Amino acid sequence: MSYDDGNIFARILRGEIPCDKVYENDHALAFRDIAPKAPTHVLVIPRGPYETLHEFAEKGSDAELAGWVRAMAAVARAEEVTEGGYRATVNNGRHGNQEVPHVHAHIVGGRQLGGAPRG
Ligand code: AMP
């Protein structure tokens, strides 16, 4: 499986498509989901060309992985959902219903969420 550099998040990373940026660091970019499921719904993506979480975990550098996870925490802090709590979700592949083939974490919060995981 090869990375599709025409996917929408790759295009956002290249600045070809706008996004509502929330946070960025050397290794990650965070922006609001275009179809939010809760008051806070932010996507956190690594800058590198990784399609899935397992590909990123296996091939990404320690700095890239740390930058991505730290970006998630920074987003939660900036969105003021750390106290109330939130969910960080990564959908992977076909059975995981991953729609965009660039690894991304959903940071969802700002209201009481339902129980998870759900099928
Ligand atoms: P997933 O099913 O985990 O691949 O989720 C993909 C997410 O990307 C969905 O929640 C979409 O609403 C979101 N999305 C798709 N296109 C954009 C975009 N241009 N800007 C922000 N979010 C987007």
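Reckoned from all heavy atoms, side chains included, excluding hydrogens, waters and symmetry mates. Here the structure is a predicted model, which is why all the values come from computation and not from measurement. Indexing begins at 1, ligand by ligand and atom by atom, following the structure's order.
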Can I get a per-line list of side-chain donor-acceptor pairs under 3.5 Å for residues 83-94, giving both atom names and the distance, sequence neighbours left out?
from: R87; atom 1: NH2; to: G114; atom 2: O; distance (Å): 2.5
from: N92; atom 1: OD1; to: L53; atom 2: N; distance (Å): 2.8
from: N92; atom 1: ND2; to: V90; atom 2: O; distance (Å): 3.3

Going only through I, L, V, M, F, W and Y residues with side-chain contacts under 4.5 Å, is there a path from V75 to W68?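 Same cluster.
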
Classify the side-chain pair E55/Y3 by whether it contains a donor and acceptor separated by less than 3.5 Å.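 Checked: E55/Y3 side chains show no N/O donor-acceptor pair below 3.5 Å.
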
What do you reckon, is CZ of R111 surrounded by more than 12 foreign heavy atoms closer than 6.0 Å?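 Yes.
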
Decide if atom CZ of R70 counts as having more than 12 heavy atoms of other residues, nucleotides or ligands within a radius under 6.0 Å.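 No, CZ of R70 has 12 or fewer neighbouring heavy atoms, counting only those of other groups under 6.0 Å.
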
Between H104 and F9, is the gap from one ring center to the other below 6.0 Å?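 For H104 and F9, the ring centres are under 6.0 Å apart.
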
For ligand 1, output the ligand-protein N/O contacts shorter than 3.5 angstrom; if there are none, return none.
from: ligand 1; atom 1: 2 (O); to: N97; atom 2: O; distance (Å): 3.1
from: ligand 1; atom 1: 2 (O); to: E99; atom 2: N; distance (Å): 3.4
from: ligand 1; atom 1: 3 (O); to: N91; atom 2: ND2; distance (Å): 2.9
from: ligand 1; atom 1: 3 (O); to: H104; atom 2: NE2; distance (Å): 2.8
from: ligand 1; atom 1: 3 (O); to: H106; atom 2: NE2; distance (Å): 2.8
from: ligand 1; atom 1: 4 (O); to: E99; atom 2: N; distance (Å): 2.6
from: ligand 1; atom 1: 4 (O); to: V100; atom 2: N; distance (Å): 3.1
from: ligand 1; atom 1: 4 (O); to: H104; atom 2: NE2; distance (Å): 2.9
from: ligand 1; atom 1: 5 (O); to: H104; atom 2: NE2; distance (Å): 3.2
from: ligand 1; atom 1: 5 (O); to: H106; atom 2: NE2; distance (Å): 3.3
from: ligand 1; atom 1: 10 (O); to: D33; atom 2: OD1; distance (Å): 3.3
from: ligand 1; atom 1: 10 (O); to: D33; atom 2: OD2; distance (Å): 2.5
from: ligand 1; atom 1: 12 (O); to: D33; atom 2: OD1; distance (Å): 2.6
from: ligand 1; atom 1: 22 (N); to: I34; atom 2: N; distance (Å): 3.1

